[in-house]
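Remember, it's a predicted structure, so these values are computed and weren't measured experimentally. Read the numbers this way: they start at 1 and go in the same order the structure lists the ligands and their atoms.
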Amino acid sequence: MDSNHTKTDEQLKQQIRLEEIRLLYGGTPFSYTASFVITLIIFNVIQDHVTSKTSLTVWLVIMLIVALARSIDSYLFTTSSNESQADNKWRYRFFAGTGVAGFCWGLLPWLGYTDSVEYFSFIIVCLIGVIAGSLSTLSYRWETMVLFLLPSSIMLILKLLVQTENFFSETSFVLLVFIFFSLSAGRRIFNNTQQNIQLRLEADNREQAIELMHQKQALHLQNTALAIIEFDISFNITEWNKAAEKIFGYSRDEALNENIMRLILPRDSSVDAEKLWERLLNYEAVIGYIIENKTKQKKPIFCEWFVTPLTDDENNISGIAAMALDITEKKNYELTILNAKEEAEKANQAKSDFLSSMSHELRTPLNAILGFTQLLNYEKKLSDKQKSHLNEITKAGNLLLELVNQILDLARIEKGHLQLSMEKVNLTDCFKDCLAMITPLAEKNQLTLNIDTSTPGYVIADFTRLKQVMLNLLSNAIKYNVKDGEVNIKVLQKQNNMVRISIIDTGVGISEKLLLEIFQPFNRLNAASNIEGTGIGLSISKQLIEMMDGTIGVNSKINEGSEFWIELPGKLNITTAVEKESKASYASQTLNTINSTKHNILIAEDNPTNQTLILSQLEALGYSADLAKNGHEALNKMIKTKYHLLLTDCNMPLVDGYKLTRTIRARGNNDLPIIAITANAFPDIKAECLKAGMNDLITKPVNLSTLKQTLEKHLL
Ligand code: ADP
């Protein structure tokens, strides 16, 4: 900034010097002519009154030579280029010429006069005249004035002082005063001239800068990608730049004086244009207004407009200045993205529908496989081999069920359908439940579980989903452990009121490279093929924990083990009882058959395999049951027989489970417990069942103990 300033000042100084030298040389034609004429007159007047005519002639010749040399110098200056005129040499040459001329004029009084007083006085008058005259042409530069004035006047004064007459010594005093005033007047003139030059140059510079700016702006406006258009209040176009020509296809000549509305506005956009016009009439500048326009070739395009009203001196709107940007490509791109998004949403919807139906379709046969296997397990006559086969079927069925459940969870999370119920979860309760559920697996794998179930404290989480995550981490810690290994749970109070729960195993560990992929869905890393798994558990766990405002992470070392940790908002060492959901306790697989029951149950189910299964399950639980193959048949049966509970499939032909329930309730039977059995595991199903008037819901595959508990809940 400073250096810029200095540079400008320096440039200005140079400009001033150039101007001074031009002014000095500019005055030479007049001053040289005048001095030439005066020289000749003096020569003519005094030639007969000097003591030596030769010296007068020499003086005349010198004067003429000096005048000629200075005239040539002046001519050379005026014909030289601008840059060359800025050269300092001209200054020095001019100074030298002035000094020599001053000295030559100073010689004049020393020539020796015969009629001393009269002609000498004439000389004095002439010299004073020359000195006074020089002020006007030399005062542009202080030094030139001094260079001329001093030699000429001092030599005159000296001559006066050596003259014997009294009159001359007094004249020399007057001359001194004259010289002094001439110099001081000259100095003032010089200062003023300097100031004037400076002001004029500054003004010139400013004007030039403004002119340059205007030129630049005009250039920008012509070359910008923005169409710049102006029109008056009758919509007649008054300005139309190159970009406007390019965007709308009309040349400047074609567009000027045309009505802008007719030229570039399709009929469909007139409403938009009117709205825009209203805002402009309210003196409002409109920024980023997108409107459909048309080109000369009648092609529709989209433009973004930036429009400002122009006002006259009385603040009346005199016209409009508008800039437009062609955003057709951007708009088309947006439309493509929008279409792609719609397509993706449709595809996503199709995926969800597919998952929903897949879940349903898989659950129905799974219901039969797991249900019948469970029933068979209670057969007493089975051989060990048969039992082992049944065990394999159960294992495979359970894995398939886990996969179906996990895929459903993923789909729910993706669709944002998974709803969490956040609460203070007592760590002791959570760990107790987990321990109970995971112990059989740990025992089977011969591992030690170190879980301190009396851990005071809580975390803010969804109880069921937290357990799901913990069980996934615990079962992994067991599955990917070594024989006689250990699984530990540690808790730690972290900063920012976060509690860290770590599940630490002594297993195979995970390499650093694989750790980067561990939370990706369906990625089983390098898990041994004999270890069952789906590769989705950790991905779901991560999403669930993040939905609960927590974080999940892992540290691992090959052959040493892994630490999977979750951090959730919470506090440790809080012993006060924490409110918690009523939780189903771990259901033992031991079947407690009810020996006798007076309860008669009606089943509405259309699928023959499921009919057989549910009948067998109810029989195993000791209930007597009737079967209806659809809702219609169920209604008929209920007219004839009194039932204590209805178990109904949701999807049946003709009269489905919902319609059946609504009809029963509409007939005024509000006491009969109605329990839906459905293969659809989406959460909104429960709400739909309750809305239809049902009391509860069991999801297929129907687990015997769940069936037992649910029935007891509604019958006792
Ligand atoms: P799954 O266990 O069903 O395969 P997960 O998503 O739970 O799926 O885990 C993904 C993969 O991460 C596993 O297949 C396994 O290779 C690896 N893994 C998970 N937990 C551990 C652990 N504690 N020790 C070693 N590897 C593990």
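Within the 4.0 Å heavy-atom criterion, neither part of N481 lies near ligand 1. Contacts between T534 and ligand 1, counted as non-hydrogen atom pairs separated by less than 4.0 Å, involve both the backbone and the side chain.
Taking every non-hydrogen atom of S562 and a distance limit under 4.0 Å, the qualifying atoms of ligand 1 come out as 24 (N). Shown in contact with I518 at under 4.0 Å from a heavy atom are these atoms of ligand 1, numbered in order with element: 12 (O). For ligand 1 and N472, the ligand atoms under 4.0 Å from any heavy atom of the residue are 7 (O).
Looking at E532 next to ligand 1, no N or O pair under 3.5 Å apart turns up. Between N526 and ligand 1, no N or O atom pair is found at a separation short of 3.5 Å.
Counting protein heavy atoms only, atom 23 (N) of ligand 1 is closest to D505 OD2, 2.8 Å. In terms of protein heavy atoms, atom 19 (C) of ligand 1 is closest to N476 ND2, 3.6 Å. Regarding atom 26 (N) of ligand 1, its nearest protein heavy-atom neighbour is I510 CG1, 3.4 Å. For atom 6 (O) of ligand 1, the nearest non-hydrogen atom of the protein is L538 N, 2.7 Å. Nearest protein heavy-atom neighbour of atom 16 (O) of ligand 1: R524 O, 2.8 Å. What sits closest to atom 24 (N) of ligand 1 on the protein, heavy atoms only, is Y480 CB, 3.5 Å. For atom 11 (C) of ligand 1, the closest heavy atom belonging to the protein is N523 O, 3.8 Å.
Of all the listed residues (G535, A527, G533), G535 holds the heavy atom that lies closest to atom 8 (O) of ligand 1. Which of I536, L514, L525 comes nearest to atom 12 (O) of ligand 1 through a heavy atom is settled by distance: it is L525.
Within the structure, the closest approach of I503 to ligand 1 does not fall below 4.0 Å when heavy atoms are considered. Using a 4.0 angstrom heavy-atom cutoff, F564 counts as in contact with ligand 1.
Ion pair E605/K700 flagged as a salt bridge, since at least one NZ, NE, NH1 or NH2 atom sits closer than 4.0 Å to an Asp/Glu carboxylate oxygen. Comment: K640 does not engage D626 in a salt bridge, judged by the lack of any side-chain N to carboxylate O separation of less than 4.0 angstrom. With respect to K346 and E342, no salt bridge is recorded, no charged nitrogen being found less than 4.0 Å from a carboxylate O. Between K395 and E392 there is a salt bridge, with a side-chain nitrogen of the basic residue lying less than 4.0 Å from a carboxylate oxygen of the acidic one. Classification of D606 and K629 as a salt-bridged pair fails, no side-chain N sitting under 4.0 Å from a carboxylate O.
By the side-chain hydrogen bond (donor to acceptor under 3.5 Å, both in side chains) test, S383 pairs with Q386, sequence neighbours left out. Partners of N391 under the side-chain hydrogen bond (donor to acceptor under 3.5 Å, both in side chains) rule, at least two apart in sequence or in another chain, do not exist in this structure.
More than 12 heavy atoms of other residues, nucleotides or ligands sit less than 6.0 Å from atom CD of E345. Atom CD of Q419 sits in a sparse spot, with 12 or fewer heavy atoms from other residues, nucleotides or ligands closer than 6.0 Å. Within a 6.0 Å radius of NZ in K659, no more than 12 heavy atoms belonging to other residues, nucleotides or ligands are found. For CG of N526, the number of neighbouring non-hydrogen atoms (other residues, nucleotides, ligands) closer than 6.0 Å is 12 at most.
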